[in-house]
Amino acid sequence: MKCTVSQENYLNAIYLLQIQKESVRAVDVSNYMALSKPSVSNALKKLRTERLLNVDKEKNLILTDEGLQAAREIFSRHSFFERLLIDAGVDEGQAHEDACSLEHAISRQSFAVLKDRLEGLAAQKAAD
């Protein structure tokens with residue numbers, strides 16, 4: 001499934017909050033993303049419609065298997081680009097900001113090729 005940039009941002013926020021907290025609710029996402037509760041509510045409704053998110057009876061947000069997979073991929077891309085930029089000498093704040101853009105701009109295929117290539121070069125350099 002192809003997510004929009006907005007959906008990816010929400011999935012990533014929910015994923016990161018779930019790592020930090022036992023339970024995540026819409027208000028947590030609203031606070032984390034500094035967005036209004038109605039905006040978050042509308043976005044979460046779309047994620048539920050796309051079967052990326054469930055809400056339990058206590059109104060806790062639970063990523064579906066597909067939502068969790070998408071969130072992990074987004075987080076992986078972000079972490080990769082942030083680490084790459086920092087290693088290249090970009091300051092951490094700018095690297096984080098740029099990684100937020102890059103994580104959405106690259107296709108799965110291009111990301112996989114780039115990641116494999118750079119990791120292969122790093123392994124080759126370490127072996128030399």
Side-chain angles (χ1 to χ4, degrees):
M1 160 186 195
K2 179 77 170 132
C3 293
T4 66
V5 170
S6 176
Q7 288 172 324
E8 287 184 351
N9 286 334
Y10 278 98
L11 290 172
N12 192 50
I14 295 165
Y15 177 71
L16 292 174
L17 286 165
Q18 285 181 338
I19 290 171
Q20 298 170 11
K21 301 174 58 144
E22 188 172 314
S23 61
V24 177
R25 299 179 77 176
V27 68
D28 300 316
V29 176
S30 178
N31 292 336
Y32 181 83
M33 297 180 76
L35 296 171
S36 71
K37 291 176 188 174
S39 294
V40 171
S41 179
N42 287 335
L44 296 180
K45 183 186 277 188
K46 290 177 186 175
L47 291 175
R48 288 194 316 270
T49 300
E50 297 289 334
R51 302 182 197 275
L52 297 170
L53 179 71
N54 289 319
V55 180
D56 69 13
K57 62 184 177 186
E58 288 85 29
K59 299 192 178 186
N60 295 310
L61 306 178
I62 302 158
L63 294 171
T64 63
D65 289 342
E66 188 176 352
L68 183 58
Q69 179 182 350
R72 285 180 174 154
E73 286 177 15
I74 296 157
F75 180 73
S76 175
R77 288 193 312 253
H78 178 91
S79 298
F80 173 82
F81 284 119
E82 187 170 27
R83 188 175 55 254
L84 180 68
L85 291 167
I86 290 169
D87 289 350
V90 176
D91 80 74
E92 288 185 26
Q94 187 64 52
H96 177 76
E97 188 177 316
D98 291 344
C100 287
S101 297
L102 291 168
E103 71 192 41
H104 303 294
I106 191 167
S107 69
R108 283 182 175 160
Q109 179 185 7
S110 294
F111 175 70
V113 170
L114 179 63
K115 184 178 179 197
D116 288 347
R117 176 74 171 133
L118 292 176
E119 288 174 350
L121 289 172
Q124 182 180 10
K125 183 177 179 181
D128 290 344

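A donor-acceptor pair is defined here as one N or O able to donate and one able to accept, closer than 3.5 Å; such a pair exists between the side chain of Gln7 and the backbone of Thr4. A donor-acceptor contact shorter than 3.5 Å links the side chain of Asp28 to the backbone of Arg25.
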Under the side-chain contact (heavy atoms from CB on, under 4.5 Å) criterion, do Leu118 and Phe80 qualify, and how do the steps go? CA-CA 10 Å; Leu118 292 176; Phe80 173 82; 3.7 Å; yes
Does the pair Arg51 and Glu66 meet the rule for a salt bridge (Lys or Arg N to Asp or Glu O under 4.0 Å), with working shown? CA-CA 8 Å; Arg51 302 182 197 275; Glu66 188 176 352; over 6 Å; no
Derivation of the side-chain contact (heavy atoms from CB on, under 4.5 Å) call for Arg117 and Leu121: CA-CA 6 Å; Arg117 176 74 171 133; Leu121 289 172; 3.6 Å; yes
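Residues Val27 and Leu17 do not share a hydrophobic cluster, clusters being chains of Ile/Leu/Val/Met/Phe/Trp/Tyr side chains in contact below 4.5 Å. Taking hydrophobic clusters as Ile, Leu, Val, Met, Phe, Trp and Tyr residues chained together by side-chain heavy-atom distances below 4.5 Å, Leu16 does not share a cluster with Leu102. In the hydrophobic clustering of this structure, Leu35 groups with Leu52; members are Ile, Leu, Val, Met, Phe, Trp, Tyr whose side-chain heavy atoms approach within less than 4.5 Å, directly or through other members. Note on Phe75 and Met33: same hydrophobic cluster, where clusters join Ile, Leu, Val, Met, Phe, Trp and Tyr whose side-chain heavy atoms are under 4.5 Å apart, directly or indirectly.
A heavy-atom distance below 4.5 Å is found between the side chains of Ile14 and Leu47. Contact annotation: the side chain of Val24 never approaches that of Asn60 to less than 4.5 Å [non-hydrogen atoms, C-beta and beyond]. Side-chain contact between Arg77 and Lys115 is absent, with no heavy-atom pair separated by less than 4.5 Å. Taking the side chain as every heavy atom from C-beta outward, Phe81 and Leu114 approach each other to under 4.5 Å. Within the 4.5 Å cutoff, the side chain of Tyr10 has no heavy atoms near those of the Leu61 side chain. Annotation: side chain of Val55 is in contact with side chain of Arg48 (closest heavy-atom distance under 4.5 Å). Counting heavy atoms from C-beta outward, Leu53 and Leu44 have side chains that approach closer than 4.5 Å. Between Ser76 and Ser79, every side-chain heavy-atom pair lies at or beyond the 4.5 Å cut-off.
Between Glu103 and Glu8 the shortest heavy-atom distance is O-OE1, 4.4 Å. Of all the heavy atoms in Ala95 and Val90, the pair that sits closest is N-CG1, 3.6 Å. Heavy-atom minimum distance, Ile106 versus Ser110: CG1-CB, 3.6 Å. Between Ser30 and Val40, the closest heavy-atom pair is CA-CG2, 3.7 Å. Taking each heavy atom of Leu11 and Cys3 in turn, the nearest pair found is CD1-SG, 4.0 Å. Of all non-hydrogen atoms in Gln18 and Ile62, the two that sit nearest each other are NE2-CA, 3.8 Å.
With sequence neighbours excluded, no residue satisfies side chain to side chain donor-acceptor pair (under 3.5 Å) with Asn12.
Side-chain contact check for Asp98 and Gln94: at least one donor-acceptor pair (N or O, by modelled atom type) lies under 3.5 Å. When only modelled atom types and interatomic distance are considered, His96 and Glu92 share no side-chain donor-acceptor pair under 3.5 Å.
Within 6.0 Å of the CD atom in Glu58, the count of heavy atoms belonging to other residues, nucleotides or ligands exceeds 12. Atom CG of Asp91 is surrounded by more than 12 heavy atoms from other residues, nucleotides or ligands within 6.0 Å.
Atom CD of residue Gln20 and atom OH of residue Tyr15 lie 11.5 Å apart, to the nearest 0.5 angstrom. The CG atom of Leu85 lies 11.5 Å from the CD atom of Glu97; values are rounded to the nearest 0.5 Å.
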